Amino acid sequence: MRLRFAPSPTGQLHVGNARTALFNWLLAHGKEGTFILRIEDTDAERSTRESEAGILDDLRWLGLDWDEGPDVEGPHGPYRQSERLHLYASYANELMAGNHAYYCFCSPQQLDADRRARLDEGLPPGYLGTCRNLSPEEVQRRLDAGERPVIRFRVPEGVDVAFQDLVRGEVTFSSAVISDPVIVRSDGRPQYNFAVVVDDALMEITHVIRGEDHISNTPRQLLMYQALGFTPPHFAHLSLVMGPDHTPLSKRHGATSVAQFRERGYLPEALVNYLALLGWSPGGDEELLPIGELASRFEIEDVGHSAGIFDPEKLAWMNRHYMKAASPGRLAAESARYFLQAGYILQRTPEAMEYLASLLPMAVGSVDRLEEIPERVRFVFAYDAVAALARPEIAAVLDDPGARAVLAALAEEITGPLLDRESFRAMANRIKDRTGQKGKSLFHPIRAAMTGEGGGPELDLAVPAIDRGAALAAGARVSRIMSCHERARSFARATEKL
RNA sequence: GUCCCCAUCGUCCAGAGGCCUAGGACGUGGCCCUUUCAAGGCUAAAACGCGGGUUCGAAUCCCGCUGGGGACGCCA
């Protein structure tokens, strides 16, 4: 079994395409097949090496590695269409020689006018067949006159083209509705429908899994397989990924490219797991499965027929799950960039990374994305008693009759660093005994003084984290962290001024 | 307009003629836990688009309608 993913490098990898790549990968890996990456860069105007590099990078990040492709090569290379031009030329000649193709001299303007006219008449806007039966003499004359024709494939008349789609069953088209496609452009570059056929045949692809938008290309490709004497592969057409308004997922729905999800702090296994479940079910009740498990359960025939709506909420849920499952060290490495951006750490020193790793477990259960982690532990790095008290919800803490007593006791009780939860709890208990405050009345003022916020992670985790940070030496390259001792005094002072 | 594809809770799936009083997950509501916000646990509401057949029996098969999507490029 040989499968391929064939993106055109004209932009970032879209999640819909990533899903197509994933389904190909899952089938290849579940069946001990070969997964091939081919770059479809015949559109010279829009294709760039930057996009290609980006797409390869995104696929690797997702964990969708390939056995043959432009960077690894293999027995059926090259794997970039722009490097296979001689092959297309040779097969185009073969088609011309067999009268399966012909020169078409119609100008783009003419074609466009024809199309409009047909549409206005309520007719299908396909190619009219103007140049289908030009005499050899006229062809030669126009060639000699310097005209640059395209080559069109001659679609046989009056036949039905049918194929067994692996996900949809039998699909039939009448050749009457298929107009002669361009296979070679006037500048000699091959056109998509032709290049895929040549490549899939030469690369011995056995299963073509692609988007539903290609379903109507399939009959003309099948006809070309026939004319070229190739055995066609099996086809499977995946329904498209839509936005909440049932239109194809696009920028106005928010993030759509793998790079953007990566940027925003989604973990690759979350995106992979989510995408796999969009249009397919591994069976049973579990949905959170590693990619290898997804592969071993994957059957292309089980893929759903209808379009799926991309649900960011469910993705977020999966991402939370995988963030909680990730090791603190990995989390620190993955989210360091956001801490750098926020200015909370100045450099990725081993001490800074270790400190981040110690900080993350308390934050990770309550955010959707890595990007949101710094905000969740902001209180550690950016503490300002005066600014905090300027906020109504913090000032309101003082309304509680016992609050000032708690704050006074707090300032006296913190005499040194509180480096573990036991010392914090012991201190909280001493304040409780001294002031008679408990529960909310006890902890709210403490939280306000220690973090400057009205909510956040549990205090017996947060407080030691603050003092561990405050103890970090300057060489650790973490922005200066005010200790709990300093905070208590600073907050008490700011309170007196109110 | 023509051709093709599709149709189960708001969303993603399960369901391959009786196991369906239609199951799970996300989301939503409620309750519990709790020093807060989350998280977590429990729980509730929530769907077979419509109309005809076939059959003893249809979410499941057939036809039509409606609705949605795709294609109709010297883009891929």
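Here is how names work: the chains are called A, B, and so on, in the same order as the sequence lines, proteins then strands, and each is numbered from 1. The model shown is predicted, which means the values in this text are computed figures rather than measured ones. In what follows, every heavy atom counts, from backbone to side chain, and hydrogens, waters and symmetry copies are set aside.
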Rounded to the nearest Å, what distance is computed from the [atom1] atom of residue [X] to the [atom2] atom of nucleotide [N]?
X        : N      : atom1 : atom2 : value
A/Lys440 : B/rC37 : NZ    : C1'   : 11 Å
A/Gln81  : B/rA76 : CD    : P     : 8 Å
A/Tyr192 : B/rA71 : OH    : P     : 12 Å
A/Asp180 : B/rC72 : CG    : P     : 15 Å
A/Leu410 : B/rU35 : CG    : P     : 18 Å
A/Gln110 : B/rG73 : CD    : P     : 14 Å
A/Leu459 : B/rU35 : CG    : P     : 11 Å
A/Leu128 : B/rG73 : CG    : P     : 11 Å

Would you say [N] has OP1 or OP2 under 4.0 Å from some side-chain N or O of [X]?
X        : N      : answer
A/Arg115 : B/rG73 : yes
A/Arg220 : B/rA71 : no
A/Ser239 : B/rC5  : no

Can you label the angle between the [X] ring and the [Y] ring as parallel, tilted or perpendicular, going by 30° and 60°?
X        : Y        : answer
A/Tyr274 : A/Phe310 : perpendicular
A/Phe235 : A/Phe163 : perpendicular
A/Phe105 : A/Tyr103 : tilted

Please work out if [X] contacts a base, only the sugar-phosphate, or nothing of the nucleic acid, heavy-atom cut-off 4.0 Å.
X        : answer
A/Val182 : sugar-phosphate
A/Gly456 : base
A/Met242 : sugar-phosphate
A/Glu121 : nothing
A/Thr42  : sugar-phosphate
A/His237 : nothing
A/Lys324 : sugar-phosphate
A/Gly365 : sugar-phosphate
A/Arg152 : sugar-phosphate
A/Thr172 : sugar-phosphate
A/Gly279 : sugar-phosphate

In Watson-Crick or G-U wobble terms, both distances under 3.5 Å, what is the partner of [N]?
N      : answer
B/rG18 : B/rC56
B/rG1  : B/rC72
B/rA39 : none
B/rU11 : B/rA25
B/rG67 : B/rC6

Donor on one side chain, acceptor on other, [X] and [Y], under 3.5 Å:
X        : Y        : value
A/Ser257 : A/Gln12  : yes
A/Tyr266 : A/Asp368 : no
A/Asp41  : A/Ser82  : yes
A/Asp43  : A/Tyr192 : no

Counting side-chain heavy atoms from C-beta on, which of [options] comes nearest to [X]?
X        : options                : result
A/Arg168 : B/rA76, B/rC74, B/rC5  : B/rC5
A/Ile215 : B/rC5, B/rU2, B/rC74   : B/rC5
A/Ser186 : B/rC3, B/rA76, B/rC74  : B/rC74
A/Asp213 : B/rG70, B/rU2, B/rC12  : B/rG70
A/Ser8   : B/rA76, B/rC12, B/rG1  : B/rA76
A/Leu240 : B/rU36, B/rG70, B/rG73 : B/rG70
A/Ser281 : B/rC13, B/rU35, B/rU11 : B/rC13
A/Pro248 : B/rC6, B/rC3, B/rG70   : B/rG70
A/Asp43  : B/rG1, B/rA76, B/rU36  : B/rA76
A/His305 : B/rA7, B/rU36, B/rC3   : B/rA7

Any sub-3.5 Å donor-acceptor pair from A/Arg376's side-chain atoms to A/Ala363's backbone N or O? no
Report yes if a donor N or O on one partner sits less than 3.5 Å from an acceptor N or O on the other, where the partners are the side chain of A/Arg376 and the base of B/rC37; otherwise report no. yes
Look at the side chain of A/Asn217 and the base of B/rA71, then say whether one donor and one acceptor between them are separated by less than 3.5 Å. no
Taking the nucleotide of RNA chain B with the nearest heavy atom to each, does A/Pro108 or A/His444 sit closer to the 5' end? A/His444
Assert: residue with more 5' nearest nucleotide on RNA chain B, out of A/Glu212 and A/Gly304, is A/Glu212
Value rounded to 0.5 Å, distance of CG in A/Leu356 from OG in A/Ser335: 6.0 Å
Within this structure, what is the OG1-CG distance for the pair A/Thr130 and A/Leu111, rounded to the nearest 0.5 Å? 7.5 Å
Could you walk me through whether A/Asp180 and A/Arg154 pass salt bridge (Lys or Arg N to Asp or Glu O under 4.0 Å), step by step? CA-CA 5 Å; A/Asp180 296 349; A/Arg154 190 188 302 277; 5.9 Å; no
Could you check A/Asn17, A/Leu13, A/Leu59 and say which one makes a side chain to side chain contact (heavy atoms under 4.5 Å, CB included) with A/Val258? A/Leu13
Check: protein-nucleotides 59-67 of chain B nitrogen or oxygen pairs below 3.5 Å:
none

Euclidean distance for [atom1], [N] against [M] (whole angstrom):
N      : M      : atom1 : result
B/rC9  : B/rG68 : P     : 16 Å
B/rG52 : B/rA16 : P     : 26 Å
B/rU60 : B/rC26 : P     : 28 Å

Where do A/Val196 and A/Gln81 come nearest, in terms of heavy atoms and distance? N-NE2, 4.1 Å
Enumerate the protein-to-nucleotides 41-43 of chain B contacts in which both atoms are nitrogen or oxygen and the separation is below 3.5 Å.
none

Letter per nucleotide, 5' to 3', of nucleotides 22-31 of chain B [B base touched, S only sugar-phosphate touched, - untouched; heavy atoms, 4.0 Å]: --BBBS----
